[in-house]
Amino acid sequence: MPWLVKSDPETFSIDDLAKAKNKTTSWDGVRNYQARNYLRAMKKGERVLFYHSNAEPPGVVGVVKVAREAYPEPKDDEWSAVDLELVEKFAHTVSIDALRGQKSLADLMILRKGSRLSVTPITDAEMKRVLELARGKSGA
DNA sequence: GCCAACGTTGGC
DNA sequence: GCCAACGTTGGC
């Protein structure tokens, strides 16, 4: 299953990931039970959209993948982390406006008002559509 | 900077 | 177990 993770770029941006060792980071600090359960459902190799919140503009900035499935956080093993590895940084952000402009993306949890989940599942079709938008295709 | 939406906390 | 208060998130 494909996924989407949110990050405030002031805290951790896709450029930070690009600079990280092996372009891989431990995705820890999630302190929401539903998001944690999603983390635990991630499988190695699955693709994950990387979303910048509180950015100008907010939107999807690239694709990462699950490099290591969920493991307990060393300092707080009630919670889980995964390792995420950079796959690609988009040439252009797929902005939240662009996402909202797509009927096929209307069900994205991220677009719901007040949605604060930092890890959400998406469908294969949604992943495909966002990748098309990233590559500049506007078609159906 | 504002504020609506949400999750968590804590008194009862 | 309810719910008001509070802190945080995130778009604008």
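Reckoned from all heavy atoms, side chains included, excluding hydrogens, waters and symmetry mates. Throughout, a chain's letter reflects where its sequence line sits, starting with A, and its residues are numbered from 1.
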Original post:
Which pairs pass ring-ring contact (aromatic ring centres under 6.0 Å, His included) with one or both residues in residues 107-126 of chain A, sequence neighbours excluded?
Top reply: none
Subject >> Results of side chain to side chain contact (heavy atoms under 4.5 Å, CB included) for A/Asp8 - residues two or more places apart only >> reply: A/Glu10, A/Thr11, A/Ser53, A/Asn54
Original post:
Under 4.0 angstrom, heavy atoms only, what part of the nucleic acid is A/Ser118 near: base, sugar-phosphate, or nothing?
Top reply: nothing
**OP:** Using salt bridge (charged side-chain N to carboxylate O under 4.0 Å, His left out) as the criterion, list what pairs up with A/Glu69, not counting sequence neighbours.
**Re:** none
Original post:
Looking at residues at least two apart in the chain, or sitting in another chain, which of them share a salt bridge (charged side-chain N to carboxylate O under 4.0 Å, His left out) with A/Arg68?
Top reply: none
Original post:
Which part of the nucleic acid, if any, lies within contact of A/Arg112, taking any heavy atom under 4.0 Å across all strands shown: a base, the sugar-phosphate backbone alone, or nothing?
Top reply: nothing
**OP:** Under the ring pair (Phe, Tyr, Trp, His ring centres under 6.0 Å) rule, collect the residues that match up with A/Tyr38, sequence neighbours excluded.
**Re:** A/Trp3
**OP:** Within residues 49-58 of chain A, find the residues that approach DNA chain C with a heavy atom at under 4.0 Å, and present them sorted by residue number.
**Re:** A/Tyr51, A/Ser53, A/Asn54, A/Pro58
Original post:
Quick one: do A/Glu73 and A/Arg36 make a salt bridge, cutoff under 4.0 Å?
Top reply: no
Original post:
Tell me the side chain to side chain donor-acceptor pair (under 3.5 Å) pairs involving residues 78-87 of chain A, sequence neighbours left out?
Top reply: A/Arg40-A/Ser80, A/Tyr71-A/Asp83
Original post:
Which is the 5'-most and which the 3'-most nucleotide of DNA chain C that has an atom under 4.0 Å from a heavy atom of chain A?
Top reply: C/dG7 to C/dC12
Original post:
Any ring-ring contact (aromatic ring centres under 6.0 Å, His included) pairs touching residues 83-106 of chain A, not counting sequence neighbours?
Top reply: none
